[in-house]
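One structure is given here, and the rest of the page talks about it.
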2 protein chains.
Amino acid sequence: MIELDFKKGDGLIPAIAQDYQTGDVLMLAYINEESWNETLKSGYATYWSRSRSKLWKKGEESGNRQVVKEILIDCDEDTVVFKVDQIGGAACHEGYRSCFFRRLKEDGEVEIVGERVFDPSVVYKK
Amino acid sequence: MIELDFKKGDGLIPAIAQDYQTGDVLMLAYINEESWNETLKSGYATYWSRSRSKLWKKGEESGNRQVVKEILIDCDEDTVVFKVDQIGGAACHEGYRSCFFRRLKEDGEVEIVGERVFDPSVVYKK
């Protein structure tokens, strides 16, 4: 059984969620040992919320869960890639398919290049 | 000019290097403000080495530099994607195309799925 190196980052390592079909990077979040085990057990990407200091079952509120199709582990065992099927089509809490929906332009400003799938004010009832 | 949020992670944020043609995730490393500015100025992915505590011009030793073709910024401004042209074809110091060259199997062991491009004992003259 492979062991991830949770020590380096105070118990947390980054997990990159990538669309298993398109290869688009959807988001980056952090996992601790508990969320790693929960991901393996449940088959759904489960992170650790740094802001809320709790286990974060991605999509629990919005319904946009991530079915983990494949897991890749890096050479240092301190980063993982979750290749996922993004239920609902949007990973970002702002309603975009990917959290990386902005591209840096030559002039240092950004432009939106991502596709918006839902209106967050409706989904999260803010 | 967009400002990245370097405060959250003690001056460092993760940067995901992704092959701009295949979409493969090649590696994850960290950047601080200095390496971010150097990346923008030089056009080559430049990280901050946590182990050596110094600016890390990726590929300086191996020649496998990363030409940054596009930069994506996430919703929280605390993670970036560098879409790169990986010179030499290998991002990993172990000689693989991607640092994520191992896949987790059902039994908890890993199998090598990545392509080895060079022999690190030759390139780094260990």
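Protein chains get the first letters and strands the later ones, always in sequence-line order, with residue 1 at the start of each. Excluded from the calculations below are hydrogen atoms, water molecules and symmetry mates; all remaining heavy atoms, backbone and side chain alike, are included.
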Winner by heavy-atom pair count (cut-off under 4.5 Å) against chain A, out of B/Leu104, B/Asp78, B/Asp76
B/Leu104
Measure distances from B/Val113 to the heavy atoms of chain A and classify the residue's part below 4.5 Å as side chain, backbone, both or neither.
side chain
What distance separates B/Glu3 CD from B/Met1 CE, expressed to the nearest 0.5 Å?
7.0 Å
Do you know which two heavy atoms are closest between A/Leu26 and A/Ala91, and how far apart they sit?
CB-CB, 3.8 Å
Against chain B, work out which of A/Thr79, A/Thr22, A/Val110, A/Ile73 has the most heavy-atom pairs shorter than 4.5 Å and name it.
A/Ile73
If you count heavy-atom pairs under 4.5 Å with chain A, which of B/Gln18, B/Arg102, B/Lys105, B/Arg103 comes out on top?
B/Arg102
Parallel, tilted or perpendicular: which fits the ring planes of A/Tyr47 and A/Phe82, with parallel below 30° and perpendicular above 60°?
tilted
Using non-hydrogen atoms and a 4.5 Å limit, figure out which bit of B/Ile16 sits close to chain A: side chain, backbone, both or neither.
side chain
Smallest separation among heavy atoms of B/Ala17 and B/Val84, with atom names
CB-CG2, 4.5 Å
Gap separating the CD1 atom of B/Ile13 from the CH2 atom of B/Trp36, nearest 0.5 angstrom
7.0 Å
Quick one: of B/Arg50, B/Glu70, B/Met27, B/Lys8, who has the most non-hydrogen atom pairs under 4.5 Å with chain A?
B/Glu70
